[in-house]
Amino acid sequence: MDRRRFLGFIGSLSVLSPAAVLASQRLGAARVGAYRMQAVGQSTRLLLDLYGDVSYQVFTLSNPARIVIDFKGVPGHLPIQQLDLSGTPLTSIRSGPRGSGLRLVLTTREAITPHVSMLPGHSLAPRQLAIDLPHAPMLASSRSTAPSRPQQEPARLVHQGGRRAAVIAIDPGHGGKDPGAVSASSHYEKYVALNIATKLHNLLDRDPAFHPTLTRDDDHFIPLFERVTIAHQHKADMFVSVHADAAPNSSAQGASVYALSQHGATSAMARFMAQSENDADKYMLAGSTLRNADPSISKLLVDMSMTATIDTSLGLGEIILNNLGQVTRIHQQRVDQAGFAVLKSPDIPSILVENGFMSNPDDCRRLIMDGHQQELAESLYASIRSFYQHNPMQLGPA
């Protein structure tokens, strides 16, 4: 090939058609691209451009009302865009990394059920994920034809056999600037904990016997005392803190369950773990005045009902240990106790579950697997359900 023909060939590569460019994008790594909103009848439609093989999961959360879309295996950020949300069902749109993918959170003015569909692409446009959000008038119309309900959250009460739904506060450990344990392969505890906690939330949310709530549903930092406060604000009947621990020796492996102790740690490992988990508050801003904001923390110092609460927590912990043993190794065959700050609630049975060691290569390999995280969540769900089968909630004020 002579020089002129060669330069002509190179030049042709630099002027690919839009269709060729789009094809090359489709063949590349999966990602979520630009997004926009448009009015469609009585709904607002949010459109997201998808490139490559993108898989996703959609679910809703309450307090406040949110629609969550988890995209797997895509970069954990969206392009920076400013959308006018006035006149739409949305109050905010935010995104961030979740595990090895992206989480998109749509905060809505009230609880709504989105309609999600995939719009096919063509030669000049990518596929689009369409999320249709009904407007308030449509919601009001549907409510007017439905039977009247109490002003309380419907999921809080179950009028069968005189029982009410149990409120379960699920606390994914660490988050934001506090990564928790970091493995030798640079996997973070905060993501593992959030994934397991979210799966547990979804399992409980499908069961009318429970009303679950998360202390955090994305990657941001919450001080330990504030996690307890959140549980009290939601009138929680149970508090489950989800973690994945680390030890100085990488040979340590298996899951552990911890309850609060008022009289010192029951083992050296329990003492080490409590110190490690309590160190999360070193990320608080200096001079914070929130530490004494929750009166229940001060009440802890004198409230003798803590003894009964700890006894109940130990009973729950034994059930969790037995069920975890069906899906993973167990590090300690008893429920250990120490002064975990996040468990210091005088009237809410509270338990801290270390699902394995990030510092152990084999444990870490399993902890970051979606399938194993689901197994752990199902084990915790079965434990909570078993506990309430023996300790049913009586119908009463929510």
Side-chain angles (χ1 to χ4, degrees), residues 166-174 180 189 193 196-197 200 212 215 224-225 227-232 236-247 252 254-281 294 296-297 299-325 328-357 376-377 379-388 390-391:
V167 182
I168 312 298
I170 309 167
D171 174 48
H174 309 281
E189 176 188 358
I196 296 172
L200 174 59
T215 59
L224 299 179
F225 69 91
R227 296 167 188 261
V228 180
T229 302
I230 291 170
H232 278 269
D237 299 298
M238 178 185 293
F239 182 89
V240 179
S241 194
V242 179
H243 291 258
D245 53 15
S256 305
V257 179
Y258 295 92
L260 182 66
S261 170
Q262 291 179 291
H263 309 293
T266 53
S267 71
M269 178 59 79
R271 184 181 304 107
F272 171 81
M273 291 311 307
Q275 291 171 347
S276 176
E277 299 298 353
N278 292 347
D279 275 350
D281 269 353
D294 183 5
S296 67
I297 300 302
K299 182 184 178 185
L300 169 68
L301 300 175
V302 295
D303 194 339
M304 298 307 294
S305 69
M306 177 62 79
T307 300
T309 301
I310 291 176
D311 288 343
T312 303
S313 301
L314 289 171
L316 169 64
E318 291 291 347
I319 298 173
I320 293 176
L321 265 181
N322 289 335
N323 283 324
L324 281 175
T328 192
R329 292 178 290 263
I330 297 299
H331 178 71
Q332 191 84 318
Q333 297 297 328
R334 66 175 185 181
V335 181
D336 246 343
Q337 294 178 258
F340 292 88
V342 79
L343 303 182
K344 292 183 177 180
S345 179
D347 53 352
I348 304 176
S350 303
I351 213 77
L352 187 146
V353 182
E354 300 279 7
N355 289 276
F357 283 84
L376 293 168
S379 174
L380 293 173
Y381 165 69
S383 301
I384 295 169
R385 184 158 185 81
S386 176
F387 176 84
Y388 279 111
H390 295 90
N391 304 274

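Residues: numbered from 1 along the sequence shown.
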Spatial distance of atom [atom1] ([X]) from atom [atom2] ([Y]) [nearest 0.5 Å]:
X	Y	atom1	atom2	answer
Y381	L200	OH	CG	10.0 Å
N322	Q333	CG	CD	9.0 Å
L352	D245	CG	CG	9.0 Å
M238	S350	CE	OG	9.5 Å
N323	S379	CG	OG	4.5 Å
L316	L321	CG	CG	10.0 Å

In the structure I gave you, are the side-chain heavy atoms of [X] and [Y] within less than 4.5 Å of one another anywhere?
X	Y	value
I168	F239	no
F387	I320	no
L324	V353	yes
H243	N355	no

Donor-acceptor pair, side chain of R334 and main chain of V257, under 3.5 angstrom: no
Can a donor-acceptor pair be found, under 3.5 Å and without considering hydrogens, that links the side chain of D336 to the backbone of Y258? no
Looking at every non-hydrogen atom in both residues, tell me the closest pair between [X] and [Y] and how far apart they are.
X	Y	result
P349	S313	CA-OG, 3.3 Å
I351	A259	CD1-CB, 4.1 Å
S256	Q332	OG-N, 4.3 Å

Is it the case that the side chains of H174 and E189 hold a donor-acceptor pair, with the cut-off being a distance below 3.5 Å and no angle test? yes
Test item: side-chain donor near acceptor, T215 and D171, under 3.5 Å: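 Looking only at side-chain atoms, D171 and T215 do form a donor-acceptor pair, the distance falling under 3.5 Å.
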